[in-house]
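Data block below; observations after.
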Amino acid sequence: RMHHQQQRRMLTAALLALVFILAAVSTTEAGKKEKPEKKAKKSDCGEWQWSVCVPTNGDCGLGTREGTRTGAECKQTTKTQKCKIPCNWKKQFGAECKYQFQAWGECDLNTALKTRTGNLKRALHNADCQKTVTISKPCGKLTKPKPQGKFHLLKAAH
């Protein structure tokens, strides 16, 4: 009777091992199918430089932007990214005014907003545009410092 149980246990173990082997094989297969640009070392590539968002239809809504980067050994030097231009944007500054914006500034903890400035790049149809504009947006959760509570929980657990 004992012998029968042992055999069953061995069979179960063998089946489990087989499942793990199959899982491992299929994940390595999936890994090979990944795009070659993932292989490029980060050091070989420059930072991505993104163009302004160009709407697919009209002057707001969904669109695309072109990204380029430099690097002698870099496999991928251009890519396109989906982007979105808020449609309330043009009411604020005029649809005919195109601005080049700097990076977002640090979060202002008093207002929970970050701001950035844009310089007028071109005015279409001889529009009357402001030379520089400033826009703000909520910082989001990332900028707040993390609460230090986690360590206390770990100590209490011991």
Side-chain angles (χ1 to χ4, degrees), residues 18-157:
L18 192 66
V19 168
F20 278 122
I21 290 165
L22 285 173
V25 168
S26 62
T27 51
T28 52
E29 283 304 307
K32 280 181 196 144
K33 288 195 188 78
E34 276 191 31
K35 297 189 183 74
E37 64 254 20
K38 291 253 168 61
K39 293 260 168 28
K41 288 201 280 301
K42 288 231 162 62
S43 57
D44 296 336
C45 301
E47 288 290 304
W48 284 105
Q49 302 290 322
W50 292 101
S51 72
V52 290
C53 188
V54 180
T56 315
N57 293 311
D59 49 17
C60 72
L62 292 171
T64 53
R65 61 167 58 135
E66 298 295 315
T68 54
R69 65 179 173 182
T70 54
E73 297 293 310
C74 197
K75 296 250 189 338
Q76 190 187 24
T77 51
T78 59
K79 69 176 171 181
T80 307
Q81 199 181 60
K82 287 191 176 68
C83 56
K84 196 171 175 183
I85 295 178
C87 288
N88 58 359
W89 160 257
K90 54 188 190 297
K91 296 188 188 82
Q92 203 176 349
F93 303 121
E96 265 55 73
C97 307
K98 302 285 181 235
Y99 293 94
Q100 176 78 58
F101 281 94
Q102 298 159 357
W104 286 102
E106 286 295 301
C107 184
D108 182 339
L109 292 172
N110 299 321
T111 58
L113 292 172
K114 52 184 174 180
T115 55
R116 64 176 178 170
T117 314
N119 295 316
L120 186 65
K121 210 161 84 166
R122 61 174 186 275
L124 308 178
H125 318 298
N126 299 327
D128 189 16
C129 298
Q130 292 166 256
K131 285 276 177 285
T132 57
V133 293
T134 304
I135 53 176
S136 306
K137 73 171 182 180
C139 300
K141 298 190 179 73
L142 296 174
T143 41
K144 291 200 183 99
K146 289 190 181 73
Q148 297 293 302
K150 282 192 184 124
F151 302 113
H152 304 302
L153 290 175
L154 285 173
K155 280 187 192 130

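Nothing here was measured: the structure is a model prediction, and the numbers come from that model. Only heavy atoms go into these numbers, but all of them, side chains included; no hydrogens, no water, no symmetry mates. Here, residue 1 is the first one in the sequence, and each next residue gets the next number.
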Spacing of K98 atom NZ and K121 atom NZ [to the nearest 0.5 Å]:
10.0 Å

In this structure, CG of N119 is separated from OH of Y99 (nearest 0.5 Å) by 9.5 Å

Measure across Q102 and R116 and return the closest heavy-atom pair with its distance rounded to 0.1 Å.
O-CD, 3.2 Å

Which heavy atom in G63 sits nearest to a heavy atom in T56, and how many Å separate them?
CA-OG1, 3.4 Å

Atom NZ of residue position K84 - does it have more than 12 heavy atoms of other residues, nucleotides or ligands inside 6.0 Å?
no

Treating T64 as the side-chain partner and T80 as the backbone partner, does any N or O pair qualify as donor plus acceptor under 3.5 Å?
no

Between R69 and Q76 (side chain of the first, backbone of the second, donor and acceptor by atom type, cut-off under 3.5 Å), is there such a pair?
yes

Distance col, row F101:CZ vs T132:OG1, nearest 0.5 angstrom, shows 10.0 Å

Considering all heavy atoms, the nearest W104-I135 contact:
CZ3-O, 3.6 Å

NZ-CD distance between K79 and E66, expressed to the nearest 0.5 angstrom:
12.0 Å

Can you tell me how far NZ of K131 sits from SG of C97, rounded to the nearest 0.5 angstrom?
9.5 Å

To the nearest 0.5 Å, how far apart are CD in Q100 and CZ in R122?
10.0 Å

Is there side-chain contact between L113 and C107, with heavy atoms separated by less than 4.5 Å?
no

Which pair of heavy atoms, one from D108 and one from N110, lies closest together, and at what distance?
OD1-N, 2.9 Å

